[in-house]
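See structure below.
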Amino acid sequence: MTAAQLVPASQARADIPSPEITELIDLNDVMTAAALPTSGLITVEVNTDGTVSFALPRTEVGQGITTSTAMLIAEELGIPLSRVHITLAEARPELLFNQLTGGSNTTFSTYTPIRVAAAVARNRLLQAAAAEWGTAVTELSWEAGLVTGPGGRSADMGDLSPKAARARTEEVSVSLKPRDMFTVIGKPHNRVDAHAAVTGRKTFTLDLKVPDALPTMVCRPPTINGKVGSVSNLSEVRSMPGVTDVVVISTGVAVRATTFGRCIDAVRALRVSWKPGSAEGKSDESVLAELRAAELPMGLPSVTPNVEERFTFHFRSNSALEPNCAIADVRPDRAEIWSSLKAPIVAKQAIATKLGLPLGAVTVHVTEGGGSFGRKLFFDAALEAVEVSQRIRKPVKLMWHRADDSRQGRTHPMATSRVRISYLGNTVLGYRQRHTSVSTDLSETFFQLSQSMPYDFGANSRLLSETDKGFNTGSMRNVYSPDVTCARELLVDRLAGKMGKDPYRFRHDFLRDDRGRAVLDKAAEAGNWGRSMPAGTAQGIAFHSEYHSSSAVLVELDCRPETVDRPIRDGVAGPRVTKAVIAVDVGLAVNPRGLEAQMMGCLMDGIALTLTSSLHLRDGHFLEASWDNYFYTRQWNTPPELQVIVLPPSTGEPGGAGELGVAASMAAVACAYGRATGTMPTVFPINHGTLSFEPKPTVPPIPASPTDGLDHVR
């Protein structure tokens, strides 16, 4: 087993042309710097069977980081990808900030430490062979994990592994493989977990067989964060078939039973008197009024021509496809938890505090997750599972119903964004944006370090104001960027029109750097920007940069009545994106195929945010109760023509990629809608005002299981 401590070299940044803060330091830089002190605790283990094991201190939630990590190790050791086995590390408090998954930071921050650890392992194995054979390391060669030396001697790295093992810490120097010798990094690879995923062999939290951990669900309040007043039929529900335990907890009434079906029956049977919640009586309209009252002033009116608009972004769910879940086994002196957690150290600390146990008595196993959208940064399911297990003194396998996550889970905050751009002639004099959001767990610092101004728009300022702490908010794959960028890009289109310029050429002329212009040009070229389009259809183009990466998206949108008014059962069809081109520059793409998949997902997110996805708040609760009436991008809105273009490496290291394409995709669809209809959209998603389904009741809190699915097969 080897670990490596990195000593960063100083890097001068005297070439910064302006005081744009994210060009000096951004959120990804901060996260990487915070992880650096414990990078020496990252370990690569060479096994006696010739395989390599690595416990990744990040969480795989479908983004493909186990594959890219395996590629880094395979590259540095010069071995086939099949010989590298990646698992997820348990919560390790000693890693401090080095076990946090988010902000598109995993590959950015682990790229060098993992390669260094693998290089240290290779050197140590060579030294072990040299000592065994009584020769100098310089007389040995390494190829595909096989060490060869004078006299025809050879040994596989698995055979050398026990001899190379050491139990001391020392400082060593290593040389990493140069880029011109890469055979793995930068080449497209299929996911290492693809076969397990498509054959159902992949193991998620609810697949685990923990002894005596029976299915558990919670009866939740009808309004957001309501509390239990009283339960009139506890004994009756406890006697229902298969039910083993019913107990009141801080978030509702928990039911443990032999199957989840029995849990659902019991939850629906409970008669609970509820106390008010934290958003009692609130609606979309009342929250919007709060946001407008909290908006920061735009400053003195512009004395030059300007374009200005206010945009509204409604609540959106960041519920993942995998139900929110956790397994907990709490004993008087210890606790063991299994869950997909992106902040497992924080979860472990919170659980230890909740139970009154020493940190060392709590074990948190990180499982693979079926999606996240930022949802798994929060560990409410783990805390609930721990509370139930402690109360009933039995292991539990807790699962949220999909209605739970839509109505009581984390949501992307409702927000307004007011933008003003001042100009004179062909010169942009200044840009101001005042973004106002329902409160998140973040801050103005996070906002400033994650937002950038890619255009040469003179003096610019972006400020955040937050209000109303009554909601459970999350990030939904970018916290502020999709809304902030969408508002900006729509005003850029309007400004281009005022100046009599083509939207693409306008962006090209005002972009601040060559990398940005290159991705914009590539998207415009590949998408045949400016081609003749039928009435009611249009192209849209948008640009976004973050975390040392750039993206440009071109879409074609069909807003003709025959498309918009397509009949959809209990849904809204709306406009359809018929074509999309995404061009990205992430510096060095470790796995271009994985990056393409990420961008496809980003596009689907962007389409949803512009056209269809939102939660409707009425009387203190959200009306949506599952994916059947929360309209993420469906097949009828998915473009039949899609191209992702990964530009050649422009730097020596990877930039952020996981969230990169969402903002530009959302903005491009919005810009296309404005051009196709002649009216710039200002409320998102554009179909929010149409409630296309019959809301399910909040009492009981979860709907009955569907029984008529076959009646609607098409």
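Only this structure's heavy atoms are used, side chains among them; waters, hydrogens and symmetry mates stay out.
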Point to revise | Ser39 (side chain) donor-acceptor with Leu36 (main chain) under 3.5 angstrom | key: yes
Practice item. Please determine if Arg201 and Asp207 form a salt bridge, counting it only when a charged side-chain N lies under 4.0 Å from a carboxylate O. Key: no
Check your understanding: Quick one: do the Ser481 and Gln451 side chains pair a donor with an acceptor below 3.5 Å?
Key -> yes
Practice item. Might you point out which heavy atoms bring Asp29 and Phe108 nearest each other, and give the distance in Å? Key: OD1-CZ, 3.7 Å
**Study point:** Point-to-point distance, once rounded to the nearest 0.5 Å, from CD1 of Ile86 to OG1 of Thr67
**Key:** 9.0 Å
Review point. Is there a donor in the side chain of Ser68 and an acceptor in the side chain of Asn591, or the other way round, less than 3.5 Å apart?
Key: no
Point to revise | N/O donor-acceptor pair under 3.5 Å between Ser372 side chain and Gly374 backbone | key: yes
Check your understanding: Are side-chain N/O atoms of Ser141 and Thr148 paired as donor and acceptor at under 3.5 Å?
Key -> yes
Review point. Is it the case that Asn324 and Arg410 place a side-chain donor and acceptor less than 3.5 Å from each other?
Key: no
Check your understanding: Is the backbone N or O of Ala385 less than 3.5 Å from a side-chain atom of Ser389, with the two atoms forming a donor-acceptor pair by type?
Key -> no
Point to revise | Arg331/Asp333 salt bridge by N-O under 4.0 Å criterion | key: no
Check your understanding: For Asp605, does its backbone N or O pair with a side-chain atom of Tyr632 as donor and acceptor, under 3.5 Å?
Key -> yes
**Study point:** Side-chain touch Leu88/Thr367, heavy atoms, less than 4.5 angstrom
**Key:** no
Revision key, fill the gap. Smallest heavy-atom separation, Cys602 atom then Val662 atom, equals CB-N, 3.5 Å
Exercise for review: Please check if any side-chain donor atom of Glu45 sits under 3.5 Å from a side-chain acceptor atom of Ser53, or the reverse.
Suggested key: no
Point to revise | CA sep, side-chain torsions, deciding dist, call: Val330, Leu355, side chain to side chain contact (heavy atoms under 4.5 Å, CB included) | key: CA-CA 9 Å; Val330 177; Leu355 296 176; 4.1 Å; yes
Check your understanding: Does atom CD of Glu143 have more than 12 heavy-atom neighbours, drawn from other residues, nucleotides or ligands, at distances under 6.0 Å?
Key -> no
Exercise for review: Step by step, work out the side-chain hydrogen bond (donor to acceptor under 3.5 Å, both in side chains) result for Glu336 and Thr363.
Suggested key: CA-CA 5 Å; Glu336 196 167 5; Thr363 301; 5.5 Å; no
Review point. Do NZ/NE/NH1/NH2 and the carboxylate oxygens of Asp156 and Arg83 come within less than 4.0 Å?
Key: yes
Exercise for review: Please check if the side chain of Gln127 supplies one atom and the backbone of Ala130 the other of a donor-acceptor pair under 3.5 Å.
Suggested key: no
Practice item. Check whether any side-chain heavy atom of Val586 sits under 4.5 Å from a side-chain heavy atom of Leu595, and report yes or no. Key: yes
Point to revise | Close side-chain approach of His548 and Thr651, heavy atoms under 4.5 Å | key: no
Point to revise | Rounded distance (nearest 0.5 Å) linking atom CD of Glu75 with atom CE of Met71 | key: 8.0 Å
**Study point:** Minimal non-hydrogen separation, Ala347 against Leu341, with atom names
**Key:** CB-CD1, 3.9 Å
Review point. Going by atom types alone, do Ser109 and Arg58 pair a side-chain donor with an acceptor below 3.5 Å?
Key: yes
Check your understanding: Atom CG of Asp405 and atom CE of Met399: how far apart are they, to the nearest 0.5 Å?
Key -> 11.5 Å
Review point. Between Asn105 and Thr32, does a side-chain hydrogen bond (donor to acceptor under 3.5 Å, both in side chains) hold up when you go through it step by step?
Key: CA-CA 7 Å; Asn105 184 250; Thr32 301; 3.1 Å; yes
Check your understanding: Any luck finding a side-chain donor-acceptor pair between Tyr480 and Thr440 under 3.5 Å?
Key -> yes
Check your understanding: Would you say Lys163 and Leu125 make side-chain contact, with heavy atoms under 4.5 Å?
Key -> no
Practice item. Determine yes or no for a side-chain-to-main-chain donor-acceptor pair under 3.5 angstrom, with Thr101 supplying the side chain and Thr59 the backbone. Key: yes
Review point. Ignoring hydrogens and geometry, is there a side-chain-to-backbone donor-acceptor pair from Asn123 to Val120 under 3.5 Å?
Key: no
Review point. Salt bridge or not for Lys376 and Glu322, using N-O below 4.0 Å?
Key: yes
Check your understanding: Which heavy atom of Ser549 sits nearest a heavy atom of Gly656, and at what distance?
Key -> OG-O, 2.7 Å
Point to revise | Asp513 side chain to Gly516 backbone, donor-acceptor under 3.5 Å | key: yes
Check your understanding: Can Arg191 and Glu60 be said to form a salt bridge (Lys or Arg N to Asp or Glu O under 4.0 Å), step by step?
Key -> CA-CA 12 Å; Arg191 290 180 56 135; Glu60 172 67 72; 3.6 Å; yes
**Study point:** Verdict with reasoning, His189 to Val184, per side chain to side chain contact (heavy atoms under 4.5 Å, CB included)
**Key:** CA-CA 8 Å; His189 283 270; Val184 181; 3.8 Å; yes
Practice item. Look at atom CZ of Phe97 and say whether more than 12 heavy atoms of other residues, nucleotides or ligands are closer to it than 6.0 Å. Key: no
Review point. Hey, does the side chain of Thr199 reach the backbone of His195 with a donor-acceptor pair shorter than 3.5 angstrom?
Key: yes
Review point. More than 12 foreign heavy atoms under 6.0 Å from NZ of Lys342: is that the case here?
Key: yes
**Study point:** Arg179 side-chain N/O to Glu653 backbone N/O, donor-acceptor pair under 3.5 Å
**Key:** no
**Study point:** Ser550 versus Asp585, side-chain donor and acceptor atoms under 3.5 Å
**Key:** no
Review point. Is Glu76 salt-bridged to Arg115, going by a charged N under 4.0 Å from an acidic O?
Key: yes
Check your understanding: Cation over ring, Arg375 on Trp400, under 6.0 Å and within 45°?
Key -> yes
Study note, to complete from the structure: One should read off an interatomic distance between Asp159 CG and Ser154 OG, to the nearest 0.5 angstrom, of 9.0 Å
**Study point:** Residue pair Val366 / Glu90, side-chain heavy-atom distance below 4.5 Å
**Key:** no
Review point. Between Asn190 and Arg593, do the side chains contain an N or O donor and an N or O acceptor separated by less than 3.5 Å?
Key: yes
Revision key, fill the gap. Heavy-atom nearest pair, Ser545 first then Ser452, reads O-OG, 3.2 Å
Check your understanding: Is there side-chain contact between Val396 and Ile327, with heavy atoms separated by less than 4.5 Å?
Key -> no
Check your understanding: Is there a side-chain contact between Glu94 and Leu41 (heavy atoms, below 4.5 Å)?
Key -> yes
Review point. Are any non-hydrogen side-chain atoms of Pro37 and Leu96 less than 4.5 angstrom apart?
Key: no
Check your understanding: Looking just at side-chain N and O atoms, do Trp133 and Glu139 make a donor-acceptor pair shorter than 3.5 Å?
Key -> no
Practice item. Decide yes or no on side chain to side chain contact (heavy atoms under 4.5 Å, CB included) for Leu603 and Leu642, but give the supporting numbers first. Key: CA-CA 10 Å; Leu603 174 68; Leu642 169 59; 3.5 Å; yes
Check your understanding: Once you round to the nearest 0.5 Å, how far does SG of Cys325 lie from CG of Leu206?
Key -> 4.0 Å
Exercise for review: Using a strict cut-off of less than 4.0 Å between a Lys/Arg side-chain nitrogen and an Asp/Glu carboxylate oxygen, indicate whether Lys202 and Asp193 qualify as a salt bridge.
Suggested key: yes
Exercise for review: Using the side chain to side chain contact (heavy atoms under 4.5 Å, CB included) rule, take Ile645 and Val581 through it: C-alpha gap first, then chi angles, then the decisive distance, then the call.
Suggested key: CA-CA 8 Å; Ile645 302 168; Val581 176; 4.0 Å; yes
Study note, to complete from the structure: Here the gap from Phe54 atom CZ to Thr43 atom OG1, rounded to the nearest 0.5 Å, amounts to 6.5 Å
Practice item. List the atom of Thr205, the atom of Ser340, and the distance in Å for their closest heavy-atom pair. Key: OG1-N, 3.7 Å
